Amino acid sequence: MIRRKLESLEYPLCDTFDINDKVKMRNLVLWLEDHRIKLYEMEAREELRNIRSENWEVAFKIYLDTMRLPDVIDRNKQLEVIDWLLSSAIRYKYEDNVGKYSEACSNKVKQGVKKDPKMVRANPLDKFDFGSPEFIEGINQLGNHLGVTNHPNHIVTLEAIATLVKTRMSTNVLKNLEDLKPKGKPYPFMEMNMGFESGDYVANQASKILRLLYLHDLRDLQTKINECLVAVQTITANPKTDTKLGKVGF
């Protein structure tokens, strides 16, 4: 983690840096102030420049106060302090060259953008009349063939057919037909207590079905959320371990 930040800052002694070496650590602090952070005027850096002075630690404490070291950083843990200083130096470096890095990032994004494929032929569906009697009759016949109840709105019937094909007839599903077979004991949902009573038997049964459909949609949403989390974690949760530092992560 420390090494990567040193490399990004182009620290010349990156290969030989040892955080447990007091002189090397002080040299790093001075170099960061001279070349990246530049918080002090040149003459105000003299106490930091005298790295073998007994008062260097006092000067460094004042420097951290001036830098407004967050309270969450333990001053007694040198690794945490240096890591925070390096992060601050990277931020200053970016602010000094924001135009350069923004342009580089923009060019990188442009290079990664794929151009839309050229359509050689017109989409045949564009010529369809989705409200024609022939189209409506064809949807209803297809629904009857697949066992889908026809809806007064043929588009709703078409959506139901599409859902059936996707969940029951896709290539992946047909490869695992065993997964389609119901497992376990069927739940008598028509006999369950909804927690309320409408006063009408048909309305009660319809409400139970709607509740099951809602739970199905809710479960589908949860599955998609989990897939999003997994996708994000493949990008962010890729820990690199540095056993010398005793830490896991970037």
Side-chain angles (χ1 to χ4, degrees), residues 1-113 222 225-250:
M1 177 175 59
I2 294 292
R3 181 179 178 82
R4 290 185 180 183
K5 293 182 179 180
L6 289 173
E7 290 175 348
S8 67
L9 291 167
E10 301 175 8
Y11 182 54
L13 302 177
C14 175
D15 293 335
T16 59
F17 178 73
D18 181 1
I19 196 163
N20 296 315
D21 188 311
K22 182 169 63 176
V23 174
K24 291 182 179 180
M25 188 275 292
R26 294 181 179 183
N27 271 323
L28 172 63
V29 172
L30 178 60
W31 185 88
L32 290 175
E33 171 58 21
D34 280 342
H35 296 85
R36 296 291 179 251
I37 300 176
K38 303 174 184 178
L39 180 67
Y40 285 170
E41 297 293 336
M42 287 296 296
E43 57 273 10
R45 302 174 191 170
E46 288 303 318
E47 293 185 354
L48 288 177
R49 201 174 303 281
N50 190 5
I51 60 175
R52 301 188 183 279
S53 170
E54 295 180 356
N55 296 326
W56 192 92
E57 291 291 345
V58 176
F60 184 50
K61 181 179 181 301
I62 296 173
Y63 180 71
L64 293 177
D65 292 337
T66 309
M67 283 281 293
R68 297 182 179 178
L69 178 73
D71 293 335
V72 295
I73 304 296
D74 190 346
R75 291 173 179 259
N76 296 321
K77 294 184 178 180
Q78 190 166 271
L79 177 61
E80 291 187 17
V81 175
I82 294 300
D83 183 66
W84 178 82
L85 271 180
L86 291 173
S87 298
S88 300
I90 291 173
R91 175 167 53 86
Y92 282 113
K93 180 183 178 182
Y94 171 77
E95 291 174 353
D96 289 342
N97 301 275
V98 63
K100 171 185 174 183
Y101 293 118
S102 296
E103 182 180 357
C105 182
S106 176
N107 293 335
K108 191 72 173 178
V109 171
K110 290 178 181 178
Q111 292 174 3
V113 174
Q222 181 63 56
I225 292 174
N226 292 341
E227 291 173 351
C228 289
L229 292 175
V230 171
V232 171
Q233 287 175 348
T234 58
I235 300 173
T236 60
N238 182 21
K240 306 294 183 181
T241 305
D242 189 338
T243 55
K244 293 185 295 183
L245 300 179
K247 281 193 173 183
V248 175
F250 289 100

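This chain uses plain numbering: 1 for the first residue, then up along the sequence. Note that the structure is a prediction, hence the values are computed from the model and not measured.
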*Asks:* Looking only at heavy atoms, what is the nearest atom pair of W31 and L9, with distance?
*Replies:*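 In terms of heavy atoms, the two residues are closest at CH2-O, 3.2 Å.
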
*Asks:* How long is the span from the CG atom in L32 to the OH atom in Y63, to the nearest 0.5 Å?
*Replies:*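 It comes to 7.0 Å.
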
*Asks:* List in chain and number order the residues that pass side-chain hydrogen bond (donor to acceptor under 3.5 Å, both in side chains) with Y92, two or more places apart in sequence or in another chain; answer none if no residue qualifies.
*Replies:*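 Per chain and number, Y92 pairs via side-chain hydrogen bond (donor to acceptor under 3.5 Å, both in side chains) with no residue.
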
*Asks:* Just distance, no hydrogens or angles: give the donor-acceptor pairs under 3.5 Å from side chains in residues 64-73, sequence neighbours left out.
*Replies:*
from : atom 1 : to  : atom 2 : distance (Å)
D65  : OD1    : R75 : NH1    : 3.4
D65  : OD1    : R75 : NH2    : 2.5
T66  : OG1    : I62 : O      : 2.8

*Asks:* Can you tell me how far apart NZ (K38) and NE2 (H35) are? Round to the nearest 0.5 Å.
*Replies:*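 The distance works out to 8.0 Å.
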
*Asks:* Are any side-chain N or O atoms of K24 and backbone N or O atoms of L13, one a donor and one an acceptor, separated by less than 3.5 Å?
*Replies:*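 Side chain of K24 to backbone of L13, a donor-acceptor pair under 3.5 Å: no, none is there.
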
*Asks:* Kindly write out the residues that satisfy side-chain hydrogen bond (donor to acceptor under 3.5 Å, both in side chains) with Q78, not counting sequence neighbours, or none if the list is empty.
*Replies:*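 In terms of side-chain hydrogen bond (donor to acceptor under 3.5 Å, both in side chains), with neighbours along the sequence ignored, Q78 is linked to no residue.
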
*Asks:* Go through V81 and N76 one step at a time and tell me if the side chain to side chain contact (heavy atoms under 4.5 Å, CB included) criterion holds.
*Replies:* CA-CA 8 Å; V81 175; N76 296 321; over 6 Å; no

*Asks:* Not counting sequence neighbours, which residues clear ring-ring contact (aromatic ring centres under 6.0 Å, His included) with F17? List them please.
*Replies:*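 None.
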
*Asks:* Please list, chain by chain and in numerical order, all residues satisfying side-chain hydrogen bond (donor to acceptor under 3.5 Å, both in side chains) with Q222, sequence neighbours excluded.
*Replies:*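 side-chain hydrogen bond (donor to acceptor under 3.5 Å, both in side chains) list for Q222, sorted by chain: N226.
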
*Asks:* For residues 83-91, which side-chain N or O atoms pair as donor and acceptor with protein atoms under 3.5 Å away, sequence neighbours left out?
*Replies:*
from : atom 1 : to  : atom 2 : distance (Å)
D83  : OD1    : K5  : NZ     : 2.8
D83  : OD2    : K5  : NZ     : 3.4
S87  : OG     : K5  : NZ     : 2.7
S87  : OG     : D83 : O      : 3.1
S88  : OG     : W84 : O      : 3.0

*Asks:* Got a list of side-chain donor-acceptor pairs under 3.5 Å for residues 49-57, not counting sequence neighbours?
*Replies:*
from : atom 1 : to  : atom 2 : distance (Å)
R49  : NH1    : D34 : OD2    : 3.1
R49  : NH2    : D34 : OD1    : 3.3
S53  : OG     : N55 : N      : 3.1
W56  : NE1    : L48 : O      : 2.9
E57  : OE2    : R26 : NH2    : 3.3

*Asks:* List the residues meeting salt bridge (Lys or Arg N to Asp or Glu O under 4.0 Å) with E7, not counting sequence neighbours, and say none if there are none.
*Replies:*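 Counting only residues at least two positions away or on another chain, E7 forms a salt bridge (Lys or Arg N to Asp or Glu O under 4.0 Å) with R3.
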
